[in-house]
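All values below come from the heavy atoms of this structure, side chains included, with hydrogens, waters and symmetry mates left out. Order of the sequence lines sets the chain letters (A, B, ...), proteins ahead of strands, with each chain counted from 1.
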Amino acid sequence: MGLLASPLVFTSCSEDAMDRVNENVNNPTDVQAKFILTDVITKTAFSNVGGDFNTYLSTYVEHEVGTHNQLWNAEHRANEPTRASTFNNVWGNVYSALRDARLVIEKCSAGGKQEGNYTTLGMGQVMAAYNLALLTDMFGDAPYSEGFKPLEIKNPKLDKQEDLYNQVIAYLDEAIENLPKGDTHGSGGPAGQDLLYGGSGAKWLKFAYGLKARYAMRLLKVTSDKTAALNNVISDVDKSFQNASEQAAFNQYGTTNLNPLFDFQWSRDGLAASKSIADKMISRNDPRLKRNFMTADWVQVNDLTSSSASYKLLAPNGENEQVQYHYLTSTFVFSQTASTQLLSYHELLFLKAEAMQRLGKGSSSIEPILKAAVTAAIKNSENSVNAAFVAPTVLANGTITETSADITDANIDSYFENSVKPLFASNPLKEIANQKYLAFFGASGESTEMYNNIRLWKALGENWIDLKNPGKFPLRLPYGNDDTTTNPNVQAAYGDGQYVYTENVWWAGGTR
Amino acid sequence: MKQTLLSFLVGGMILTSVAFAQEKKISGRVTSADGKGIPGVTVVVQGTNQATQTDADGNYSLNVPAGKVVVFRSVGFDDKTIIVNNNNTVFNVSLENHSNALEEVVVTAMGQSRQKRALSYATQEVKGDKLTEAANSNLATAIQGKVSGVQVTPSSGMPGASANITIRGARSFTGNNSPLYVVDGMPIASTSDVSTGNGVTGSDYANKGLDIDPNDIESINILKGQAASALYGMRASNGVIIITTKSGKGKQGKPQISYNSNVSFDKVSVLPDFQTTYAQGSGGKYAPMASTSWGPRIEELANDATYGGNKDNAFTKQYGLHEGQYYVTQRANAGLDPWATPQAYNNAKDFFNVGNTFNNSLNIMQGFEKGSYAMSLGATNANGIVPSTGMDRYTAKLSGEAKLSDKFTTGFTGNFIHSKITKQTGANNGIIATLYGAPASYDLGGIPSSYLNNPTKQNTYRTTGGFDGVYWAVDNNKFSEDNQRFFGNGFAQYATNLTDNQKLTLKYQLGVDSYTTNYTDLWGYGHANGRGEVENYHYSVTELNSLATASYNWKINDDLVFDAMVGNEIVNRNRRQDYAYGMNFNFPEWNNINNASSVTASQSLRNTRTFGTFGSLALAYKNMLFLNATGRNDIVSSMPRNNRSFFYPSVSAGFVFTELDAVKNSVLTMGKLRASYAEVGQAGDYYESYYAKPTYGGGFSSGTPIIYPINSDGITSYTPYTVVYDPNLKPQNTQAIEVGTDLTFWNGLINLNYTFSRQNVKDQIFEVPLAASTGYSSLVTNGGKIHTNAHEVTLAVAPYRSGDFKWDFAFNFTKIDNYVDELAEGVNSIFMGGFVEPQVRAGIGEKFPVIYGVSYLRNAAGQIVVDADGMPQAGEEKVIGKVSPDFNLGFNTNFEYKKIRLSAVLDWKHGGQMYHGTAGILDYYGVTQKSADFRGGDGFMFEVPAVKEVSPGVYEKNDIVIDPSNAFDYFNAKNSISESSIFGTSFVKLREVAVGYPVYQNSKIKVDVNAFARNIILWSELKGYDPEVSQGNTNMSGAFERFSLPGTSSYGLGVNIKF
C-alpha cells in the first residue's frame, strides 16, 4: 500500500504541483490599458449615460412619462425616487467605469506597465472626469478618494462634492496636457479599441474642452468670478467640436447591441408620450411634433394638435393611468440604433449661446449660435427618428409606419424664423433653455443633462422649464443600496432617503 | 447488514475447516421468541440451490451435506445459521425479531462496518424498500419525512426538479451545503453543475443526485454530524449520505430476480382561487392588451364602447352589429372569427396535463461460495404536467466480488446512467406569469398563441416584451439537460490474521465518477418580441478517486478490542465547460445555433485536487464503553499557496450504561449515552484575482443588450472581474459538539433517540459583498460566523410485532436553528438571491436566511399605519420575513394485517415564511377571487391589524373602510410593499401512502401489487399554492417564489415480481 501511495505523495501535493492544478487558464490576471478603455467607453455610454439614470430622469424632466411598474411609480413619486434600490445598478456601473478608467490612468502613468502611452492616459482621464462628474451630479457627496481599494478600505468615506469637482477639473486639465503627446509605449495606441474616436487624440482633446465648458457652466452658482467662468465656457466651446461629426457619440448599436432607451422600452413597455413636452411643441408649432410620437399600434402621429383625437392619448404627467399599449409613445423608444451622446455638438452650441446671453452679448451675435444649435438638435433628433423606422428588431415583429416626411433645412429655417426668434426676442435665456430642453428629448441619453440644467436654473432662480407633474420634484437621486447596506458612511448619508426631496446638491445651492 | 457479515464469516469458516461430508436429512421447527411457529421461513444450504420453506406450523425438512451451513431467513427476523454436524438431525431454531436495532451493523465512514451499539454519534439508516414504497424516482425527495436532522427543499413538481438536502442546517451562506454522497464506497457528485445562482429567471437545473435510481438502493445511512463524517475530510463537513446498492453478498442460493414496475399519474397539487366575474382591462374598462383583469364584468363586454358588438363603434361599423358579442383583437390576429361571446375560462386548469411517470426496474442478485454479483437495470420515463416537460432516465449497474483466496478479495461496481430532462422556465420570466395572470375573459387555450401565417409572432392577452405567452413558450422555448454518466470503482483487499487475535486488512480502491452533461437553453424566434437566443453548453467532469486503507483489529482480551486505521485518499477532479451563445436567428422556425446571426463561445476549465491522509483509533471495552478518535489532514489545490494544508480531529465516546449490572432491567433493555467533538473544514474556491470579458443584461433588460465582440472589427474588452479574492484566505472551520442518547425499551417495543448538536462555524468563506464604491461587488474571504443548534428526535414504536396484525410507527423530529453571529466588518447582510428588492439574505443576529425588503410603514410602537384612505403605506427596507421553520416532524407508520401492508408518511413543517411573489401579484392583476370579492362587495378594510394617525403622533385602531371602487388602488399599494407578499409556509402533507398485497405466491414466484399516492397537501398556511415550491437550486431555495412551476400530487399503481 505504501508503495502505491508514496510516488503520488511526492508528486501530487507539493505547493508547485498544487499551483499548477489551480492555475486559472480561463482568464488573464492582467491586460493592457487599451482593452480596459474599451469597456470604460461602452459602460459609460450604454449603462451610465443612456441607462437607468436617463430612463428615470426622462420622466422627472417630462421628456417621457412613466406608465408601468417602477417607472409609473417614479412618475407618481411613489417610493422609487427615495429608494436605495432604484438606482443601485447604475450606482455600481458608474463605480465600475471609474475603477476601470483609473486602471487605464494607472497603467499609462509613470511606473505603469504602459508608461508612455500619454494619449491613452488622457482618454482614461477624460472618462474618469466624465463619470466622476456624473456620480456627484446625481448623488452629491460620494465616496471616491478612499474607493477602489477593496482589500484595504471596505467602507470608503464620502468626499464633498466640491472636492470631487476639483478632481474632475484636474483630470480634464491633465488630459488636455497628455492627449497631444501620443502613445509611445511599445504596445501602441488604442486604435479600434477606442470606440468613440478610433484612437484620435485630437478628437479626444476637443471632447475634453467641451466637458470643461459643460462643467464650468455647471458650477456657475458656486463660482465667484462668474464672468471669467462664462468666458471660459465660450473659449472652451470654441476649442471643442466644430461640427456634429466630431461629437462624442457612441455609435455601436445595431441588431445585437441595443440603444439603451430602446432596450428599456422593448423589455418593459414602461414609457409613454409626455403631454407637457407635446404641449411645448404644439405651442411652438415645432416641426418635430409630426415626427416624435407614435400610436400604440406603431403608427407615427402626424396630426397632434390640442383638438385632435390623438392628443387625448398623450399621457398626463404625474396623472396617467398605469396602462401599457394605450397612450402614445415617443418615436425614440423604437430607435434601436440611435447613438448615445456623451457630449453632443448641439449641447456645446447651447452652452455657448447661454454663456453669451449671460454675459450680455448682443442678440445678433447669439442668434446664429442658437440657430446652429437648434439645427444640429433637430438633425440629431431626425437621425434617431429615422432609426426607429429601420429598427431591425421592430421590423422582425411587425410593421412600423412612418406618416410624415423628414424635416428639411427649409422647415428648420422657417421654424426658427417664425417660432424661435420671437420667443428668443422676448426672453432670450428662456428660449435658449427651452430649445435645449427640446433638443435633449430623444434617444441620445440627454435627459440626464437636462435634469442637471433644470436643477441649476432653479438654483439660479430661473424656472425656465414649465413642468406639469403635480408631484414633488426630486432634487437628487438616492444612493445605491450596495453601499447603503454595506458602507455605514453612505448608510448614514442616506438615512431614510427623504432627503432627495429637500436637499440640493452643492452646486445647486445645497451643502452636500 | 448483520446477516451479510455473519454469513460471510461463517462462509469463511466453512471454507477453511470443512472438507467432504455425507448428505443427511435434517428437520425441525422454526419459532419466534414467543414460541410460535413461523411459516414461510426460507431454509437454505449456504452456497447451494438446496432450499425449502417452513410449513404453516413452522416445520421443515431438508437434505444437507454434513458440515454445511444452513441459513434460516424470514422477513422481520434476523437470519440465523447453523452448522450441520454429524450428531444431530433435528434442529429447532428460534428466530430473533429484527427490531433489536442496536445489534445491527451499519456502514460508517470509509466503509467501516460498525455495530450500531458501538457508534458514538448519530446516524440514521433507511432501507431501500422504505425509499421506494411510494415509487418516488428522486432519492432526494424520497427521504423526506423519513429521517431526522435532514431538511429537503424541493423546487417544484416537475420531472427532475432540483431539491436541496441539508443536514443540520447550513454551514455556508452562498456555498455548498449539500451532503457528500458516497455510493458503494466511492464519493460521487450530487450537486448541479449549473447553479441558478442568486437569480430569479430562467429554468431550474437538476441535481446530480438524481442519477441514483432509488430502486437499486439496498439501504442508505446518513452520517449527520461532523464526528461521524470526519474521516471524509473537507468534503464531508455537510454530512454524508452513504448509499449501499443492492448486491449479491450473503444471498447464496439461487439467483434472486425481482422486477418492479409502476406507473403514477401527477396532477397539479393545488391552484389559486381564480375569479370568473371580471374581464381584462383597467379602471373598469376593457383593454385588449392589458396585463390586468380590472375591466368590466365579463357579460358587459358586449356593451363596451370600443369593442362591444351591441354598440356603434368602428368594429360594428365595419362588420355590423354583433349582439351579445365583442370584438377580440387576438382572434382577428390568429385568423379566427373575431367576434366572441363573453364567457369565463379556466385557463390555468385547462393548461396543465395529467403527468405520468413509469418506473421499471430489474434486479438480479446471486451469491456464491467464492463471490457474488448483482445487476440492476432501471428506467424512469416521465411526462410532466406542463406540456413539453419530462424526464427519461436509464440506469444500469453491475457489481461483483470474488474471493481469490482466503486472504485476497477483489471486486468492482459500475454504474451507467443516461438521462434527459426537458424543462420550462419557472421563475420571474417564466411561463406561470402569463398563465396565472391570464384574464378569465380571455380564451387562452382556444385562441392560437401566434398570428395567422406567422407562427413566431406571439399572440396572447398581453404584451410579450418581458413574458412569453404560455402556450407559445412551451411550443417554442426549449430547456434540456442530456446526461451520460459512469461511476464505479474496483478494489483489491488483502486480509490476514497476524496472530489469533490480531487482524490486518489492506485495501486499495480506485474509482471514477465521470459525466458529460449537455445543456440547451433555447428561447425561440419571437421570444420577447425579438429573434430568439440559444445557449448550448456542456460540462465534462471526471473525478478520480484513489483510496488506500490499512486497518488493524486487535482483540486484546475478552473485554478490550482495539481498532486502528490509516489511509490515503487522492481526489483529482477535472471539469471542462464549453459554452456557446447565439442570438438573433436569421429566419424563423429553425431555432438552432447554426441559424444565429451572432455567436460567441467560451471555455472554462477547472481542476482541483485533494490529498487526504487520515487515521482512526477505536477502543471498545466490554461492549459497554466505546472510544473513537480520528484525524485527517487535507491538502487542497483550490486554496492560496502556503495555505493549503489543514488538519481536523474528532473524538467521541459511547457508553452503554445498561451493561452495568446495577442498571440492567427489563424495561430499559438498552441505554446508551454518547458525546463527540469534531472539527471539519471547508475549502474555498480560490483564484488569483483576474480580468474577464464584461457582460451586460439584467436590470430592466430582458435580453443581452450589449455583447462583446462589439462590432464587426471584433473589438472586445477585459476588465477586472467584479469578485476579488483574498490572498490570505483560510479554510472555514466547523466545530461540532454532539451529545445524545439511544434508548430501547422492552426489547425494541420503543426505540428513542435524541441528539443535540451545536455547530460553530467560523471563518466562513463566501463572497462578502463590497460597497460598490470599492469598485468591486464582492470579496472572497473569511467573513462570517454562524452557529447552529439542532435537536433531533427519532421515536420508533412497534406496539404489535407478531401475529396477523403488525403495526409500527415512528416520528422524526427536527429542530434546527441557524444563527448568524458575525459578518465581516462593514457587512450587515449577505445577498443570497432575489430582486434588487426584495432579497433573500443572511443578517447578523438573525436566523438564516431572512427576507429583506420594503416593509409596511409603522409608527414608533411598531404598529402598521394606514393612510387617510385606509391604504397601507411603504416603510423602510428591513427584514420582512424569516424563512427557517420552527420544526419539522415526520411521521411514518406501517400496518400489516395478514398479507396486506399499509404504510404512510406524513410531514409537518411548522413555522417559516416565504416571499411569495405570485400570491402577491395575482391580486394586483385582479385575477383572484379575493380581488373580485373586494371590488364587488360593500367595502373592505386593510387585512392586517393596523392603526390610523388621527393627529400627529396619535394613533387609533384602523377602521377605515375602503370603497370597492378603490380595490385596484389597494392591491396596487400592497404590490409596492414586499412585506405584503410574505406568507407563512407551515403545512401538513401526506407525503406518501402506499398499500400492498401479495396476490400470488409460490416457491418460485411472488407477485405483489401496490397502490400509492404522494404529496397530498392536507393543510397549508399558504392557500392556493404548494408551500414547498420555490426558486432556485441554491441556498435561497425555499425562501423566494415568483412564478415558480407548481407542485404535483401523484397517484399510482405498481407490481413487484420476485423469482
Side-chain angles (χ1 to χ4, degrees), chain A residues 1 4-5 8 12-13 15 18-19 21-22 24-29 31 35-36 38-39 42 46 73 78-79 85 88-89 91-92 95 99-100 143 147-148 150 154-156 192-193 252 255-258 263-264 266-269 321 323-326 393 396-397 480 482-483 485-487 496, chain B residues 282-283 289-290 457 463 465-466 506 508 529-531 548 550 568 570 583-584 598 604-605 607 609 611 635 637-638 641 644 687-688 690-692 694 699-702 705-707 710-711 713 715 717-719 724 769-776 779 825-829 836-837 874 876 976:
Chain A
M1 213 65 57
L4 272 172
L8 290 167
S12 66
C13 67
E15 290 289 350
M18 287 303 205
D19 274 348
V21 172
N22 203 39
N24 182 352
V25 295
N26 310 305
N27 298 92
T29 50
V31 300
F35 289 98
I36 303 171
T38 307
D39 196 59
T42 306
F46 178 83
N73 294 340
N79 304 319
S85 49
N88 186 54
N89 287 344
W91 166 263
Y95 274 105
R99 173 199 68 196
D100 296 346
F148 314 102
K154 300 208 175 54
N155 299 316
Q193 295 297 135
Q252 303 294 334
T255 306
T256 359
N257 299 315
L258 308 177
D263 179 45
F264 170 81
W266 197 254
S267 303
R268 302 286 150 175
D269 287 318
E321 292 289 318
V323 57
Q324 295 167 288
Y325 273 62
H326 168 72
T393 303
N397 275 273
D482 277 350
D483 271 67
T485 55
T486 52
N487 184 348
D496 62 1
Chain B
S282 63
M289 290 301 281
K457 186 166 168 65
T463 67
L506 304 176
Y508 181 76
N529 304 340
R531 284 159 52 195
N568 167 268
I570 302 168
M583 66 190 283
N584 290 334
S598 160
S604 165
L605 303 170
N607 299 331
R609 182 178 296 164
F611 187 94
I635 302 171
S637 64
S638 64
R641 192 177 173 96
R644 292 194 164 113
Y687 269 138
E688 196 179 333
Y690 58 87
Y691 284 66
F700 286 126
S701 297
S702 62
I706 296 282
I707 192 162
I710 201 162
N711 56 26
D713 294 338
I715 297 297
S717 182
Y718 301 91
T719 57
V724 276
L770 292 171
S773 54
T774 64
Y776 295 85
L779 170 67
E825 185 213 334
V827 180
N828 301 314
S829 67
V836 172
E837 179 283 321
E876 58 180 332
S976 65

Distance (rounded to the nearest 0.5 Å) between [X] [atom1] and [Y] [atom2]:
{"X": "B/N584", "Y": "A/T255", "atom1": "CG", "atom2": "OG1", "answer": "6.5 Å"}
{"X": "A/Y95", "Y": "B/L770", "atom1": "OH", "atom2": "CG", "answer": "13.5 Å"}
{"X": "B/S637", "Y": "A/N22", "atom1": "OG", "atom2": "CG", "answer": "5.0 Å"}
{"X": "B/Y691", "Y": "A/T29", "atom1": "OH", "atom2": "OG1", "answer": "8.5 Å"}
{"X": "A/N24", "Y": "B/E688", "atom1": "CG", "atom2": "CD", "answer": "8.5 Å"}
{"X": "A/D39", "Y": "B/T719", "atom1": "CG", "atom2": "OG1", "answer": "5.0 Å"}

Partner residues of A/E321 under the salt bridge (charged side-chain N to carboxylate O under 4.0 Å, His left out) criterion, sequence neighbours left out: none

Name all residues meeting the salt bridge (charged side-chain N to carboxylate O under 4.0 Å, His left out) criterion together with A/R99; count only those two or more places apart in sequence or in a different chain, and write none if there are none.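 Result, salt bridge (charged side-chain N to carboxylate O under 4.0 Å, His left out) vs A/R99: none returned.
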
Please report the C-alpha distance between B/R609 and A/M18 in whole Å, then the side-chain angles of each, then the deciding distance to 0.1 Å, and finally whether the side chain to side chain contact (heavy atoms under 4.5 Å, CB included) criterion is met. CA-CA 7 Å; B/R609 182 178 296 164; A/M18 287 303 205; 4.1 Å; yes

Would you name the heavy atoms of A/S85 and B/E837 that are closest together and state the gap between them? OG-CB, 4.1 Å

Against chain A, label B/S282 side chain, backbone, both or neither, depending on which of its atoms sit under 4.5 Å from a heavy atom there.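 B/S282 touches chain A through side-chain heavy atoms alone.
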
Using non-hydrogen atoms only, which part of B/A692 is less than 4.5 Å away from chain A: side chain, backbone, both, or neither? both

Is A/D483 reaching over with its side chain to a backbone N or O of B/S773, donor-acceptor style, under 3.5 angstrom?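 Answer holds: yes.
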
Can you check whether A/N397's main-chain N or O pairs, donor with acceptor, with B/N529's side chain at less than 3.5 Å?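 Side chain of B/N529 to backbone of A/N397, a donor-acceptor pair under 3.5 Å: no, none is there.
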
Would B/R531 and A/T393 satisfy side chain to side chain contact (heavy atoms under 4.5 Å, CB included), going step by step from the backbone distance to the final call? CA-CA 7 Å; B/R531 284 159 52 195; A/T393 303; 5.6 Å; no

Which one wins on heavy-atom pair count under 4.5 Å against chain A: [options]?
{"options": "B/I706, B/D713, B/T463, B/I707", "value": "B/I706"}
{"options": "B/M289, B/M583, B/R641", "value": "B/R641"}
{"options": "B/S702, B/G775, B/P705, B/S598", "value": "B/P705"}
{"options": "B/S604, B/G699, B/A874, B/S638", "value": "B/S604"}

Is [X] in contact with chain B via its backbone, its side chain, both, or neither, using a 4.5 Å heavy-atom distance?
{"X": "A/F148", "result": "both"}
{"X": "A/V31", "result": "both"}
{"X": "A/N79", "result": "side chain"}
{"X": "A/N27", "result": "both"}

Test item: [X] and [Y] side chains (from C-beta on) under 4.5 Å apart, heavy atoms:
{"X": "A/E15", "Y": "B/I635", "value": "no"}
{"X": "A/Q252", "Y": "B/I715", "value": "no"}
{"X": "B/L779", "Y": "A/P150", "value": "no"}
{"X": "A/D482", "Y": "B/P769", "value": "no"}

Go through A/A78, A/G92, A/G192 and name the one with the most non-hydrogen pairs under 4.5 angstrom from chain B. A/G192

Candidate pair B/S717 and A/T42, rule side chain to side chain contact (heavy atoms under 4.5 Å, CB included), full reasoning: CA-CA 10 Å; B/S717 182; A/T42 306; over 6 Å; no

